[in-house]
Amino acid sequence: MTQRLLRGRLLTFHREPQNGEDLSAYTYLEDGALLIENGIIQQAGPYAELSAKAVNVPVTDHRPHLMMAGFIDTHIHFPQVQVIASWGAQLLDWLNNYTFPEEIRFASDEHSTLMARALFDQLVDHGTTTAVAYCSVHKTSADAFFTEATRRNMRMIGGKVLMDRNAPDGLRDTSQSGYDDTKALIADWHGKGRNGYVITPRFAITSTPDQMRMAQALAREHPDCHIQTHLSENKDEIDYTKQLYPHARDYLDVYQSFGLLGQKTLLGHSIHLEAREISAIAETGAHPVFCPTSNLFLGSGLFDHKGLSMRGISNGIATDVGAGTSYSMLQTLNEGYKILQLQGMALHPLQAFHWATRGNACVLGLEDKIGSLDPGTEADIVVLNARSTPAMALRMDRVDSLAEELFVLQIMGDDRAIEEVYISGSPSKTVPKQEAASTRAQVTA
Ligand code: GUN
Ligand code: ZN
C-alpha cells in the first residue's frame, strides 16, 4: 500500500460556477492536503486535519502553488505532432497539403511508437492528464497510442480514424477493413487498464455512406465506446459535404441518419450550425467541442458557446493540435476567452478552470473518475505556479484574489506554469528545463 500526502493550496469544483460569486460551486483551501493511496484520492481537506490522521505518511509540500485536477483535452490529433504550425491554409487545403501526407508516415510501427512518446511527453508537461485522440487510419498508430498510455497508466481515449475516400494512397481504409481493425482495437484496448476506445469516422467528406453504415454497426455493437467526428468547421467543408450527401437535411444529418448521435458523441468544432442542427444536438445530448486556437489558426469561425449553452447543450473544450497551436489547456482557455469576448461574453476564470477539468469530465461521462479532487477519484493532479515567468510574477504582485490568480494563469500561463503533474498519484512531469531532443539527426537548411 503506497500512501502519499500532498500539501498545497487546493481548488476543486463541485459543479459549474454560475458566476464569480458562486462560492458553493467549488472548494478552495489555503492550506489543503490530498491523501493518495494506490493512485486514488482517499481524502481531501485541510492539511492540519489530514496530517493528524495520516501519521508516518510522506508529505510533498507544494505550497505556495495551487493543486487542482489534471486538465482534460477532449479533441487532439496524435499524428499531427509534426504538423502543428503549418503555414497559410484553411481547412481543406491544410488537410491535403500538410496533414494527410504527414499521417501516411504512421503506417510505420517505429514512427508511431516514437511519436506516441513525444505526444505523451507534451501532454504531461502541459498538465493534460486525459485526452481524447484521433489516431491515423493505420491500426498500428492506435496500438502505439494505447501502448504508451498503458505504460504511463494514463486515462486516455483514442481511436483509429475511419476514412475510405478523398484521401491519398496509403491513407485510406475500406469500410470492411476499418470495421475489422476497429473491432480488433476495441477487443485489445477498450476497458483495459485506464484505456477507452472512441469510434472515429473522421468526417463526412472522408467516409462513404457504406463506411458510415459500418460506423453505425460499431456504435450499436459497442454502446459503451465514445464516438467522435468533425462537424461544420469551415464553409467549403460544409458545401462539399452537402454535395457528397445530397439527401441529408444538413451536415449533422449525415451523422444523425446513421445513428451516430448520443451522449457519448463528441462533435469537433460545430461552428456554423443551422437551427435544426442545434435542436438535434440538444435532443440527442451530443457534445460540440470548442477548439479555440485551431478555429483562429485556420480562420474557421467563432464558436457560439453562449448560444449553445442556453439551449442546454454541454460543450467540451480542446486543443485540436495540430490545427490547434498549443498543447496547453491554459492557452486554449486564453484564446477561448477572446473568441467569447468577440461575441459579448466574458468567461469568468472560475468557469474556465471548471471547463478544462470537471466540465470536460462531465462531457465524457467520466466525472466519477477524473476532473475533480473528490475522494474516490483517480489521483491525476496538476500543480500550478502563477509566478512561473518574470512577467507573470510582476502581474501577480498586484493580485489579491483566487479569481485574479486564475485569470493570470489562463491568459499568461503555459507549460512553464505547470510545476508538477501527478498521474495515478505518481509525479510525472518529464521536462527538466533543457533543450528538447530532436527526433532527426539534423535540420536541413
Ligand atoms: N476535419 C477532418 N479532419 C480534420 C483534422 O485533422 N483537423 C481539423 N481541424 N479538422 C478536421
Ligand atoms: Zn480535429
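Each ligand, and each atom within it, is numbered from 1 in the order the structure gives.
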Handout entry: S141 side chain to S136 backbone, donor-acceptor under 3.5 Å
Key = yes
Practice task
Measure I205 to ligand 1 on non-hydrogen atoms and call it side chain, backbone, both or neither using the 4.0 Å cut-off.
Solution key: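 Neither; nothing of I205 gets under 4.0 Å from ligand 1.
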Problem - Parallel, tilted or perpendicular: ring planes of F303 versus F290, cut at 30 and 60 degrees - result: parallel
Starting from [atom], locate the nearest protein heavy atom and write down its residue, its atom name and how far away it is, to 0.1 Å.
{"atom": "atom 7 (N) of ligand 1", "value": "W94 CZ3, 3.5 Å"}
{"atom": "atom 6 (O) of ligand 1", "value": "R202 NH2, 2.7 Å"}
{"atom": "atom 10 (N) of ligand 1", "value": "E233 OE1, 2.7 Å"}
{"atom": "atom 1 (N) of ligand 1", "value": "H230 CG, 3.4 Å"}

Polar contact flag, side-chain donor to acceptor under 3.5 angstrom, [X]-[Y]:
{"X": "Y28", "Y": "R9", "value": "yes"}
{"X": "N315", "Y": "H287", "value": "no"}
{"X": "T319", "Y": "D73", "value": "yes"}

Handout entry: ring pair (Phe, Tyr, Trp, His ring centres under 6.0 Å) involving H305 - partner list, sequence neighbours excluded
Key =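 Ring pair (Phe, Tyr, Trp, His ring centres under 6.0 Å) check on H305 returns W355.
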Exercise for the section: Check whether any N or O atom of E237, backbone or side chain, sits under 3.5 Å from an N or O atom of ligand 1, and answer yes or no. Expected result: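 E237 vs ligand 1: no N/O contact under 3.5 Å.
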Problem - Short N-O contact, E274 and K242, less than 4.0 angstrom - result: yes
Practice task
Could you please tell me which protein N, O or S atoms lie under 2.8 Å from the Zn ion (ligand 2)?
Solution key: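 Only H75 NE2, H77 NE2, H230 NE2, D320 OD1 fall inside 2.8 Å of the Zn ion (ligand 2).
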Practice task
Test side-chain hydrogen bond (donor to acceptor under 3.5 Å, both in side chains) on H190 and D224 and set out the steps.
Solution key: CA-CA 9 Å; H190 184 65; D224 52 332; 3.2 Å; yes
